[in-house]
Amino acid sequence: MEKMITNVKGLQGTVAVPGDKSISHRAIMFGSMAEGKTTIENFLAGDDCLSTIACFRKLGVEIAQDGTSVTVEGKGVKGLKQSDTILDVGNSGTTIRLMSGILSSLPFETTLEGDESIAKRPMTRVVQPLREMGAVIEGREDGKYTPLTIKGGTLKGITYTLPVASAQVKSAILLAGLQANGKTTVIEKEKTRNHTETILQMFGGNIVSDGNAITVEGGQSLQATSVTVPGDISSAAFFLAAGAIVPNSTICLKSVGLNETRTGILDVLKNMGATMTIKQTNAPDAAEPIGDITISTSNLKATAINGSIIPRLIDELPIIALMATQADGTTVISDAKELKVKETNRIDTVVSELSKLGADIVATEDGMIIKGKTSLNGGEVTSYGDHRIGMMLAVAALICPEEVTLHDAEAINVSYPNFFEHLHQLMQK
Ligand code: S3P
């Protein structure tokens, strides 16, 4: 799909961004492993989370989805059955990595594969610790890449220090640990998103976080519950950036998840001098904090982004790079090598596509250097099939005086199916 976007006079209004992708995946997974009927509201009906639903249906779980409302008829983890066919994870790294952990303890064989992007993404990071726990996993190049075939069975608990800051790897090990013999502890050098920890507790799971060590006991059974998914701060980030860089704008983002392992983008906006207010509005039974964020056109200044904030904003770095093109001074992003193994190599795709629009941006070994403030012009760009690159470029187009043609815009459906509808509602005619 091709999309033409031109500059706008301003963005005004309120947006309720769709449900959080990470939490939506986990609600389906825990609901499928729990006993009883789980109800999920504000579920993200984007392609990635729909892949997770499709995989669990193949494992015999009854799941009814009506837009953003989902019910999962859980029969306990032992109620999961072997699939007749390969499980297709589509574009979703979270699906394949977390499901690898769950499937490692189940007494049957499953093959998982996904699209071209998934085929290039590293799987050793989950395969290696799961093998250490006793899982038998085969895959292309000895499990480095998909397809992965997992023969589950009896696992033993391990203590594992994460070599990369990855919530997907942490979660895969903890999910396997729930069914393993003994205790499983994951130690993270840098804190990553902790939704597995928070959502597991909603399902009655016992999980202990002690500093940077997270421990589960094996042999736990989970109970069904109700989950209302907060708005996804990673989706809100595109409108926060748009509000800050498009002239004559004020945007209010409603009911956005404010889990502090995800709010690095808000710290960066503050450091860059954005005109922004945050009002916490927690629902009484919410698993995670939520709030409304209002942002207006801002005079941004450059910043440095590195170290322990990186995992708290890893998915927001493409849109932060765009904001940096509109900030006074030089922004340096470093310690962000993980960008290379996302849906695309996001150092390369951000630098190439923003350069095409006129940005002064160069790639480094572990990030990028962006000089601002530059005026972006217009032209032809592509998402390379990466939803976050697509949305970043659509926001960039709003400040280009000439037309921008965005190729492969349909990739945006992975995490924000109604992105363009919301954008059009904000546009001042
Ligand atoms: C996710 C964790 C992050 C993030 C991804 C979702 C999750 O990946 O980039 O979009 O739901 O656990 P890593 O854990 O590989 O950094």
Side-chain angles (χ1 to χ4, degrees), residues 18-30 43-44 46-49 51-52 89-102 114 117-118 120-129 146 160 162-175 186 188-200 214 227 229-230 232-238 257 259 261-265 287-288 308-320 335-347 349-350 366 385-392 411-412 414-416:
D20 187 274
K21 180 157 80 68
S22 295
I23 296 177
S24 295
H25 281 300
R26 284 157 174 82
I28 297 294
M29 291 179 186
F30 290 133
F43 173 77
L44 168 61
D47 291 347
D48 267 15
C49 299
S51 294
T52 293
V89 304
N91 189 244
S92 176
T94 306
T95 307
I96 193 162
R97 300 218 177 92
L98 272 60
M99 287 195 77
S100 296
I102 297 170
S117 156
I118 282 290
K120 290 186 205 141
R121 297 183 68 183
M123 293 299 147
T124 310
R125 50 180 60 196
V126 285
V127 168
Q128 193 237 321
T146 58
Y160 191 78
L162 291 181
V164 282
S166 166
Q168 291 181 355
V169 179
K170 169 177 70 175
S171 303
I173 300 166
L174 292 171
L175 286 166
V186 178
E188 36 182 19
K189 292 176 208 147
E190 260 154 16
K191 261 201 184 326
T192 63
R193 66 188 66 194
N194 64 359
H195 305 299
T196 295
E197 294 89 312
T198 58
I199 309 302
L200 178 62
I214 306 118
V227 181
V229 181
D232 196 330
I233 191 164
S234 297
S235 297
F238 296 99
N259 176 325
T261 61
R262 295 284 301 282
T263 50
I265 176 73
E288 297 202 352
S308 60
I309 198 170
I310 295 290
R312 296 179 55 233
L313 49 62
I314 187 72
D315 291 339
E316 286 63 78
L317 287 168
I319 192 69
I320 289 172
D335 300 328
K337 259 204 184 104
E338 275 294 299
L339 284 177
K340 295 184 179 180
V341 291
K342 294 296 176 187
E343 286 81 335
T344 55
N345 176 334
R346 286 184 177 159
I347 296 183
T349 49
V350 166
D366 63 350
D386 183 334
H387 54 130
R388 300 201 200 280
I389 301 298
M391 286 184 274
M392 180 275 285
I412 292 171
V414 157
S415 64
Y416 203 155

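Read the numbers this way: they start at 1 and go in the same order the structure lists the ligands and their atoms.
- Atoms of ligand 1 found under 4.0 Å from any heavy atom of Ser22 (numbered from 1 in listed order, with element): 1 (C), 6 (C), 7 (C), 11 (O).
- Evaluation of the side-chain hydrogen bond (donor to acceptor under 3.5 Å, both in side chains) rule for Lys340 yields Glu365 as partners, not counting sequence neighbours.
- Only the side chain of Lys342 comes within contact range of ligand 1, with a heavy atom under 4.0 Å; no backbone atom does.
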Item to check | Verdict with supporting geometry, Arg125 and Glu338, salt bridge (Lys or Arg N to Asp or Glu O under 4.0 Å) | outcome: CA-CA 12 Å; Arg125 50 180 60 196; Glu338 275 294 299; 2.9 Å; yes

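- With sequence neighbours left out, Asp47 forms a side-chain hydrogen bond (donor to acceptor under 3.5 Å, both in side chains) with no residue at all.
- Note on ligand 1: Lys21 sits in its first shell, one or more heavy atoms being nearer than 4.0 Å.
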Checklist entry - Which is it for Arg262 and Asp232 under the salt bridge (Lys or Arg N to Asp or Glu O under 4.0 Å) test, yes or no, and what are the steps along the way? => result CA-CA 10 Å; Arg262 295 284 301 282; Asp232 196 330; 2.9 Å; yes

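- At a heavy-atom cutoff of 4.0 Å, ligand 1 is contacted by the side chain of Arg26 but not by its backbone.
- Summary of contacts: the protein heavy atom closest to atom 15 (O) of ligand 1 is Ser166 OG, 3.2 Å.
- Within the 4.5 Å cutoff, no side-chain heavy atoms of Ile96 are placed close to those of Gln168.
- In this structure, the side chains of Leu175 and Phe30 come closer than 4.5 Å at one or more pairs of heavy atoms.
- Shortest contact from atom 6 (C) of ligand 1 to any protein heavy atom: Thr94 OG1, 3.5 Å.
- Comparing Glu316, Lys170, Arg121, Arg193 against atom 2 (C) of ligand 1, the shortest heavy-atom distance belongs to Arg193.
- In this structure, Arg193 pairs ionically with Asp315, as a charged nitrogen and a carboxylate oxygen lie closer than 4.0 Å.
- Distances between N or O atoms of Ala167 and those of ligand 1 include at least one value under 3.5 Å.
- Residue Asp315 places a heavy atom under 4.0 Å from ligand 1.
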